[in-house]
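Reading through the structure tokens given below for one structure.
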Amino acid sequence: MWSLISFCRNGASSTVSNGCGLMRKWNWSPMNFKNPEEFILSTLADFLNQKNLNDIQPVLQKPKEEQFGDFSTSLALQLAKPLRSKPAEIAAEIKNFFPVQNEYLSKIEIAGPGFLNFFAAVNNVYDQFRQILNSAGRFGLTDLNSGKTALIEYVSANPTGPLTIGHGRQAVLGDTLTRLLEATGYKVQREYYFNNAGRQMRILGESVRLRYLQLLGVNTEFPEDYYQGEYIRDIARQILAEFGAALKDDTENTIFKDRAEQAIFTDIKNTVSRLGFAFDTFFNEKSLYDDKKIDAVVADLRSRGLVEDRDGATWFLTTKIGFEQDRVIIKSSGEPTYRLPDIAYHVDKVKRNYDLIVDIFGADHIATYPDVLAGLQALGLPTAQIKVLIHQFVTLTEGGKVVKMSTRKANFVTLDELMDEVGVDVTRYFFLMRHMNAHLNFDLGLAKTQSDENPVFYIQYAHARICSIKTLAAERGVTYQPNLHIELLQSGEELNLIKHLIQFPELVRSAAENFEPHRLVNYLFDLANLFHKFYTLCRVISDDAALTLARLSLIDATRLVIANGLRLLGISAPEKM
RNA sequence: GCGCCCUUAGCUCAGUAGGAUAGAGCAACUGCCUUCUAAGCAGUCGGUCGGAGGUUCGAAUCCUCCAGGGCGUACCA
């Protein structure tokens, strides 16, 4: 696939034409650039500068075809119109603009209608490769956003029942995005927003109370819209064990609700912990009422003429700020709708001054966030730092058939049950492997397969294979030293692997910047593929001592990148399989 | 009706700012284990990128319209 390398010149400027007619090759000084990309982009920018075309941004791509070099640009094609010249002629001019001798490129070719194809100097590739083992566990991390803070809110399910598979996708996405943001330097706080006050929680408490009465032999009806799950009975049983029949006539029921909330939150935290992370803060909606932040938002909006009392309810006049209809924020019953606390919560978040605020919602919440952002803007607060991510739903399939996610126990409705069935690594991998905009088809049959059909193991297997080779090398008394003799790595399989490895930091950066963890999954899959190909064709431990050492460095670097990548995904990197 | 997302191989999906011959996994078929893990590798088969226009030297990608699917469009969260 073609790939965009970089849009900026990273400040590593080369010499600029000085207007005295000197060709830049005379005053070009070496050692200014980290890699060929920077060198090419800088030189292209200088070319454009000389032509007074500074508004054009040169773009580099990575051709998928080896014959088209390591980097390619269609700049000459773009310039054909402004320069009123033929692309091929412009390409030739650009090619001549590059210094003949430089340490970054081995050659430049003009191909097709006017593409410029750049071939990286192999020594430069080796230099970049050495960074992998030199950086070790830190390879792939950048300090791009160091010093910045981020808040990421996700899951945020009210404590009315165990986490479902839908929550699972969000939990894994959120955790992995956190890890990716941290890899670019952010200090990230994971927050879980919940409400233990509203109607749902009242029904929860009542559900437990009714089950408790049933356990006591009271013949009572259990309404259909109450919580049907077996976990309600479990909680009722615990209360029965502790209090006996003492609560039989207690209709106040706060004990039922409180015990239910407590038990369910414990359960949720355990599930999250199994997935491999923990939330830093749990933000209770109730605190917004206690701290009068709800009232403050209404008062503030009212003072701006954006609130009106009508039909016994309080309305947010969103039509005044460009929406099609006004929204009720306080019902005639006196209870706020979800919009009001949502706005107040976001006001609180914004005032906590994070450089980045990420909200992850399921597709069913698509309608809520425009109102929230509009509310913030109406209150004069900034929203540019807020990134709202919407993910599509999960469909469970098995044997090509959709598994209905009903409340019936027999189906895998909870995240815990899914992890019991397929394990944490598979769970995380399947939730991460698709773009979050796409509906996720979770193939239970495939996930359960502990064999070659399961893509998770393909990556892990590469890691385990490498560990096995390293063990064998040690057993045979090979003294391994990192980065020795790597110039001996010259075959196509070896160079393909090396070139893929050195892209890792850029890949991590772009996955984080675009909030797209699935890119890392695809990258690691491709990496494993390149390794397996190398493994098949190149023997690591051989009679050639120098080549053995070189290849040990290559597989060790591969192992490191796989391990670092899997760590970002929260997936284990087993040494044996 | 309106809003957001989706439509790419038989199935599940990639395709990262518009680039060169559209990729992978699964499924089907064929080879490769006396050599560091065959949970692997190599190969065959498979596509009017939902449809129609448009912009461009160049479109799966951008714009418009249409069709199909999902989710919303509450004084539910």
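A note on names: the letters A, B, ... follow the listed sequences, proteins ahead of strands, and every chain is numbered from 1.
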Across the strands shown, which category fits A:Gln325 at heavy-atom distances under 4.0 angstrom: base, sugar-phosphate, nothing? sugar-phosphate

With both distances under 3.5 Å as the test, what is the Watson-Crick or G-U wobble partner of B:rA9? none

Would the base of B:rC75 count as contacting A:Ser333 through its side chain, where contact means a donor and an acceptor less than 3.5 Å apart? no

Atom-pair distance (OH on A:Tyr523; C1' on B:rC13), nearest Å: 21 Å

Pick the C1' atom in B:rA60 and in B:rU48, then give their distance to the nearest Å. 13 Å

Let's see if you can work this out: which of B:rU16, B:rA77, B:rG15 has an atom nearest to the side-chain heavy atoms of A:Tyr338? B:rA77

What's A:Tyr535 touching, base or sugar-phosphate or nothing? Going by heavy atoms closer than 4.0 Å. base

Provide the distance between the two P atoms, one in B:rG72 and one in B:rC62, to the nearest whole Å. 26 Å

C1' atoms of B:rC63 and B:rG69, separation to the nearest Å: 23 Å

Could you tell me how far B:rG51 sits from B:rA38 if I compare only their P atoms? Round to whole Å. 43 Å

A:Lys331 side chain near B:rC76 phosphate (N/O to OP1/OP2, under 4.0 Å): yes

So what does A:Gln67 touch, heavy atoms closer than 4.0 Å: a base, only the sugar-phosphate, or nothing? base

Any luck finding a side-chain donor-acceptor pair between A:Glu191 and A:Tyr345 under 3.5 Å? yes

Length of the NZ-C1' vector between A:Lys64 and B:rU16, whole Å: 14 Å

For the side chain of A:His435, starting at C-beta, report the closest nucleotide among B:rG69, B:rG15, B:rC41. B:rG15

Would you mind calling B:rC33 syn or anti? Take O4'-C1'-N9-C4 for purines or O4'-C1'-N1-C2 for pyrimidines, and syn is within 90° of 0. syn

In whole Å, measure the gap between the P atoms of B:rU16 and B:rU30 for me. 36 Å

Which whole-number value in Å describes the distance from A:Leu537 CG to B:rG43 P? 10 Å

Could you tell me the Watson-Crick or G-U partner of B:rG1, where both distances fall under 3.5 Å? Say none if there is no partner. B:rU73

A:Leu116 vs A:Ile110, test: side-chain contact (heavy atoms from CB on, under 4.5 Å). Steps then yes/no. CA-CA 5 Å; A:Leu116 279 158; A:Ile110 299 168; 3.8 Å; yes

Between B:rA14 and B:rA9, how far apart are the C1' atoms? Round to whole Å, please. 13 Å

Just call it for A:Ala367: base, sugar-phosphate, or nothing, with non-hydrogen atoms closer than 4.0 Å on any strand. sugar-phosphate

Atom CZ of A:Phe68 and atom P of B:rA22 are separated, to the nearest Å, by 12 Å

Does A:Ile555 form a side-chain contact (heavy atoms from CB on, under 4.5 Å) with A:Phe534? I'd like the steps, not just the answer. CA-CA 10 Å; A:Ile555 65 165; A:Phe534 158 80; 3.6 Å; yes

Could you state the atom-to-atom distance from CG of A:Asn441 to P of B:rC6 in whole Å? 17 Å

Please check if any side-chain donor atom of A:Tyr369 sits under 3.5 Å from a side-chain acceptor atom of A:Asp359, or the reverse. no

Testing B:rU73, B:rG25, B:rC75 for proximity to the side chain of A:Val328, the answer is B:rC75

Examine B:rG70: is either OP1 or OP2 under 4.0 Å from a nitrogen or oxygen in the side chain of A:Gln392? Give yes or no. no

Using whole Å, report how far OH of A:Tyr458 lies from C1' of B:rC26. 14 Å

What does A:Asn158 touch in the nucleic acid at a heavy-atom separation under 4.0 angstrom: a base, only the sugar-phosphate, or nothing? sugar-phosphate

Watson-Crick or G-U wobble partner for B:rG53, using a 3.5 Å limit on both distances? B:rC63

Among B:rG19, B:rA24, B:rC2, the one nearest any side-chain atom of A:Glu324 is B:rC2

Evaluation steps, side-chain contact (heavy atoms from CB on, under 4.5 Å), between A:Ile502 and A:Asn35: CA-CA 10 Å; A:Ile502 62 181; A:Asn35 51 45; over 6 Å; no

Ion pair A:Asp556/A:Arg559, N-O distance below 4.0 Å: yes

Can A:Arg302 and A:Thr314 be counted as having a side-chain donor-acceptor contact under 3.5 angstrom? no

Can a side chain N or O of A:Asn437 be found less than 4.0 Å away from OP1 or OP2 on B:rC6? yes

Which of these nucleotides, B:rC75, B:rC13, B:rU35, is closest to any side-chain atom of A:Asp311? B:rC75

Please pick, from B:rA14, B:rU16, B:rC75, the nucleotide with the shortest atom-to-atom distance to any side-chain atom of A:Asn514. B:rU16

Out of B:rC71, B:rC36, B:rU16, whichever nucleotide has its closest atom nearest the side chain of A:Arg519: B:rU16

Could you let me know what B:rG47 is paired to, Watson-Crick or G-U wobble, both distances under 3.5 Å, or none if it's on its own? none

Can you tell me the base-pairing partner of B:rU21? Count Watson-Crick or G-U wobble geometry only, both distances below 3.5 Å, and say none if there is no partner. none

So does A:Pro517 get a backbone contact from the side chain of A:Thr176, meaning a donor-acceptor N/O pair under 3.5 Å? no

Taking atom types as modelled, find out whether A:Glu261 and A:Asn196 have a side-chain donor-acceptor pair closer than 3.5 angstrom. yes

Report the distance from atom CE of A:Met433 to atom C1' of B:rA24, rounded to the nearest whole Å. 12 Å

Closest of B:rG3, B:rA14, B:rC76 to the A:Ile366 side chain is B:rG3

Look at the side-chain N and O atoms of A:His518 and state whether any lies under 4.0 Å from the OP1 or OP2 oxygen of B:rG15. yes

Answer with base, sugar-phosphate or nothing: what part of the nucleic acid does A:Cys467 contact at a heavy-atom distance below 4.0 Å? nothing

Side chain of A:Lys533 (C-beta onward), nearest among B:rU35, B:rC71, B:rC41: B:rC41

Mind checking if A:Leu472 touches a base, just sugar-phosphate, or nothing, with heavy atoms under 4.0 Å? sugar-phosphate

Do A:Ile264 and A:Leu204 have side chains that get closer than 4.5 Å, going by heavy atoms? yes

Counting any heavy atom closer than 4.0 Å, what does A:Arg476 reach on the DNA or RNA strands: base, sugar-phosphate only, or nothing? nothing

B:rA27 to B:rU44 separation - C1' atoms, rounded to the nearest Å: 14 Å

At under 4.0 Å between heavy atoms, what does A:Lys81 touch on the DNA or RNA strands: base, sugar-phosphate, or nothing? sugar-phosphate

Only pairs with both distances under 3.5 Å count, Watson-Crick or wobble alike; so what is the partner of B:rA42 in this structure? B:rU30

Considering only the C1' atoms, how many Å lie between B:rU34 and B:rG47, rounded to the nearest integer? 44 Å

A:Gln78 side-chain proximity, nearest of B:rC36, B:rG69, B:rG19: B:rG19

Could you check how far CG of A:Asn529 sits from C1' of B:rA42, rounded to whole Å? 12 Å

How would you label the contact of A:Ala313 with the nucleic acid (heavy atoms, under 4.0 Å): base, sugar-phosphate, or nothing? base

On RNA chain B, more 5' by nearest nucleotide between A:Arg339 and A:Glu285 is A:Arg339

With heavy atoms under 4.0 Å as the rule, sort A:Glu575 into base, sugar-phosphate or nothing. base

